[in-house]
Amino acid sequence: MRTPRKLSVKPFATTGHRLAWASIVIAALPACSVLQEDKVDYKSAGSAPTLEVPPDLTKLSTETRYTVPGGSVTASGMARTAQATPSASVALVTVGDVRIEKLANQRWLVVNRTPEQLWGPVRDFWQENGFLLTVDQPAVGIMETDWAENRAKIPQDIIRASIGKVIDGAYSTAERDKFRTRMERLPAGGTEIFISHRAMIEVYSSSSKDATVWQPKAADPELEAEFLRKMMIKLGVTAEQAKALVASSAAAKPGATLTSVNNTPVVQVSDSFDRAWRRVGLALDRTGFTVEDRDRAQGIYFVRYVEPNSAKEPGFIGKLFGATAKESAPIKYRIAVRSAGDTTSVSVLSATGVPEASDNAKRILQVIVDDLK
């Protein structure tokens, strides 16, 4: 396994090569005065190792649609009538047909257009920003990028400014980012757009520093905000207006605690159902869950979970012939969001709707509460 690459440039072997190197540096010196001001400059890391964060979920359902509720209520058709008039504790700022709503470090857009009108521009937006899409499913309103490297994090010293554009592959960071976009149709018209971030960092796995592993890194709400700002510009807001909207103040985020009710783990959120539902959805997106379906009327997210370290090692004969560890099949769960006044509880149910008190349920709720805090 490769070691983390920060700023590594392999020297040329011969005198002639060193002279060629020097000529490249001298020719590129004028670039030293050009510093990259943007916070993000992504390049797809398509050749990087698999960077999956457990709990991991597999394919999205393709049977749901954006339809406004009528009959059964599913992922793309769930009612959001209460969200059409957001609570006063949520900060709202509008320019044209684009509005940004914020609650502490969580931000999302509300656009007075249909998901069908927005899908093409949003897809173009991610591709223009250096990403490949690994999930592109308008039927369920989910779009997800591949793992990519933010090259704006590479220090802009004199060497980088001189030769980085010539031998760009000599520079790399030990971090990768992935973004998920989720669109929700509002029954009163318009669309909510959520952007969630996931991150991985490459670290040494031994004291000898001869091997590395990829580990999850905390999501960056400010990076999510930066892409929301860029997306607002793509949707017609000026750069100055977008910057002002993202920087405006936000309401304080209510607390969340993990407790136990009747020997069953439960997350208690000091919030109303509408905001708790939205916050739990963002938490699931940020922490790597893929919601297969959702029923807002019943307060249910349908997810699939892979147990950490669930890979089964092959036997001796299997290893001899190159067999690799196989992961256990994902387990289906339901994340239930229930409210009583200004307090909302979040619990884990089995695939049949029975309350779960297993270790998996505790792990899932711990992941959720850590993001909600």
Side-chain angles (χ1 to χ4, degrees), residues 1-13 36 39-58 129-135 144-157 159-160 163-180 196-224 227 285-290 305-316 318-328 330 363 366-367 370-371:
M1 188 176 293
R2 66 187 181 87
T3 57
R5 292 184 298 153
K6 296 291 186 180
L7 282 176
S8 58
V9 181
K10 294 182 180 179
F12 288 93
Q36 188 171 347
K39 297 179 182 178
V40 292
D41 176 24
Y42 277 91
K43 181 177 181 181
S44 172
S47 59
T50 301
L51 306 178
E52 279 305 330
V53 184
D56 185 37
L57 301 161
T58 54
N129 277 277
F131 293 92
L132 299 175
L133 294 178
T134 58
V135 177
E144 188 168 281
T145 73
D146 65 342
W147 291 101
E149 177 185 31
N150 186 1
R151 302 188 68 78
K153 289 187 175 182
I154 297 177
Q156 299 298 301
D157 56 22
I159 298 177
R160 166 63 177 158
I163 64 174
K165 302 302 181 183
V166 180
I167 311 178
D168 193 57
Y171 296 87
S172 179
T173 69
E175 298 181 20
R176 296 294 184 269
D177 298 302
K178 171 183 285 196
F179 296 89
R180 178 179 296 166
S196 54
H197 168 238
R198 293 170 63 194
M200 296 287 278
I201 185 168
E202 190 180 18
V203 298
Y204 289 110
S205 58
S206 64
S207 57
S208 59
K209 296 186 177 182
D210 56 356
T212 64
V213 294
W214 288 94
Q215 294 183 350
K217 183 182 177 183
D220 186 350
E222 294 307 312
L223 198 52
E224 295 170 349
F227 275 106
D285 286 341
R286 281 177 173 174
T287 51
F289 288 89
T290 299
Y305 176 77
V306 175
E307 298 180 21
N309 304 319
S310 62
K312 295 181 179 179
E313 289 292 333
F316 174 77
K319 289 181 179 179
L320 190 64
F321 288 93
T324 57
K326 295 183 179 179
E327 285 191 346
S328 300
R363 280 192 288 264
Q366 187 63 58
V367 167
D370 286 345
D371 188 79

Given Asn129 and Phe227, is the side-chain contact (heavy atoms from CB on, under 4.5 Å) satisfied, shown in steps? CA-CA 9 Å; Asn129 277 277; Phe227 275 106; 4.2 Å; yes
side-chain contact (heavy atoms from CB on, under 4.5 Å) between Glu175 and Met200: does it pass, once the steps are laid out? CA-CA 6 Å; Glu175 298 181 20; Met200 296 287 278; over 6 Å; no
Candidate pair Glu144 and Leu133, rule side-chain contact (heavy atoms from CB on, under 4.5 Å), full reasoning: CA-CA 6 Å; Glu144 188 168 281; Leu133 294 178; over 6 Å; no
Please walk me through it: do Asp370 and Gln366 pass side-chain contact (heavy atoms from CB on, under 4.5 Å)? CA-CA 6 Å; Asp370 286 345; Gln366 187 63 58; 2.8 Å; yes
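When atom types are taken as modelled, the side chain of Thr145 and the backbone of Phe179 share a donor-acceptor pair closer than 3.5 angstrom. A donor-acceptor contact shorter than 3.5 Å is absent between the side chain of His197 and the backbone of Ala219.
Under the side-chain contact (heavy atoms from CB on, under 4.5 Å) criterion, Asp285 pairs with Arg180, Arg182, Ser196, not counting sequence neighbours. When the side-chain contact (heavy atoms from CB on, under 4.5 Å) test is applied to Ser207, no partner is found at least two apart in sequence or on another chain.
Between Phe131 and Asp146, some side-chain heavy-atom pair lies under the 4.5 Å cut-off.
The aromatic rings of Tyr305 and Phe289 sit parallel, their planes meeting at an angle under 30°, below the 60° perpendicular limit.
In this structure, CZ in Arg198 is found 5.0 Å from NZ in Lys178, a value given to the nearest 0.5 Å.
Ala218 and Ala199 get closest at one heavy-atom pair: O-CB, 4.2 Å.
Comment: Arg286 engages Glu224 in a salt bridge, judged by a side-chain N to carboxylate O separation of less than 4.0 angstrom.
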